[in-house]
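Order of appearance sets the numbers: ligands from 1, and atoms from 1 within every ligand.
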Amino acid sequence: MKALTLNAPAKLNLTLDILRRRADGYHDLEMVMFSVDLCDRVTVRLREDGNILVRAPGTDLPAGEDNLAGKAARAFFNETGSTPGADITLEKRIPAQAGMGGGSSDAAAVLRALRALTAPALPLRRLEELGAQIGSDVPYCVHGGTVLAQGRGERLTDWPDVPPCAIVVCKPDFGLSTPALFGRVRVDALGPRPDHGAMLRALRAGDLSAAAAQAVNVFEEVLTPKEGETIHAIRRQMLACGALAARMTGSGPTVFGLFRQAEDAARAFKALCPRFSQTFLTRPLAAPAGEV
Ligand code: C5P
């Protein structure tokens, strides 16, 4: 049976702004996202019996269609009306429930693998639309690169890549619920907002320091004192080691630091590892070659 293994990269939010609550319960967002080389590995093997099975060894992630990866396979088969089933294996490295889009990226890798195996003519744009049925971050994970994402997260504009740098990613031991965090937001009361004009100028100029100075995530405004204590302690540690910026990604709780010097990133990694076992050194991924 035909099979394919793909990388499913983690995403980070260079910015995250919340513009308004919508009538459908979602929020209109504006965020700059990019992918890093911290990846899950996703293997998709076609079956003949119509079943969709998902395994993620060493995790307690749901099997079958309760998993975003299984949902993605079902959405793909409904769209193409052709292929009968899939065995999906997820080798997880991206922390779950971390604001790094791990589940969304696995789902996007399933869509890309099924397209390559069964329907190579299906436009990438259609794959992104299928992704939007599965989760707000899935279209971005199908698309990749550095983008400005708007709407629910599904309207994507290619932006210049984040300049090469070293990145430390650190996930605290607690989780944050995305719907609960959105529920705390009073849009009119949010503090400093990202300046996307200034961010675009910084990225166009390839100016890492200027881009770092514009990194803002409004979710940091709605943390409880207890959540904020850990998250700001991680940020302070990264900044003390020379990070140009240290911010929470997505709806957290993971914090990432951008470093010009790999040695500074290595020092931050060493300092954070003993307390936070889910700490990683990573780098931005270049935009994928112009696929359609
Ligand atoms: O789309 P997804 O299932 O990933 O979203 C999870 C939850 O996050 C939604 O149920 C909603 O509460 C919140 N959300 C939102 N606005 C967005 C994306 C997510 O309010 N743009």
What short N/O contacts, under 3.5 Å, does ligand 1 make with the protein, listed by atom pair and distance?
unit_1	atom_1	unit_2	atom_2	d
ligand 1	1 (O)	Ser136	N	2.9
ligand 1	1 (O)	Ser136	OG	2.5
ligand 1	16 (N)	His27	N	2.8
ligand 1	20 (O)	His27	N	3.4
ligand 1	20 (O)	His27	ND1	2.7
ligand 1	21 (N)	His27	O	2.8
ligand 1	21 (N)	Arg152	O	3.0

Looking at Arg47 and Asp49, is any side-chain nitrogen of the basic one under 4.0 Å from a carboxylate oxygen of the acidic one? yes

Only pairs under 3.5 Å count here: list side-chain donor-acceptor contacts from residues 247-254, not counting sequence neighbours, and write none if there are none.
unit_1	atom_1	unit_2	atom_2	d
Arg247	NE	Ala215	O	2.7
Arg247	NH1	Glu220	OE1	2.7
Thr249	OG1	Asn13	N	2.9
Thr249	OG1	Asn13	OD1	3.4
Thr249	OG1	Gly99	O	3.2
Ser251	OG	Thr178	OG1	2.8
Thr254	OG1	Ala98	O	2.7

Going by ring pair (Phe, Tyr, Trp, His ring centres under 6.0 Å), name the residues that satisfy it together with Phe182, two or more places apart in sequence or in a different chain. His27, Phe219

Return all side-chain donor-acceptor pairs below 3.5 angstrom for residues 261-270, not counting sequence neighbours, or 'none' if the list is empty.
unit_1	atom_1	unit_2	atom_2	d
Asp264	OD1	Arg267	NH2	3.1
Arg267	NH2	Cys241	O	3.2

Does the pair Asp28/Arg152 count as a salt bridge with the N-to-O cut at 4.0 Å? no

More than 12 heavy atoms of other residues, nucleotides or ligands under 6.0 Å from CZ of Arg55: is that the case? no

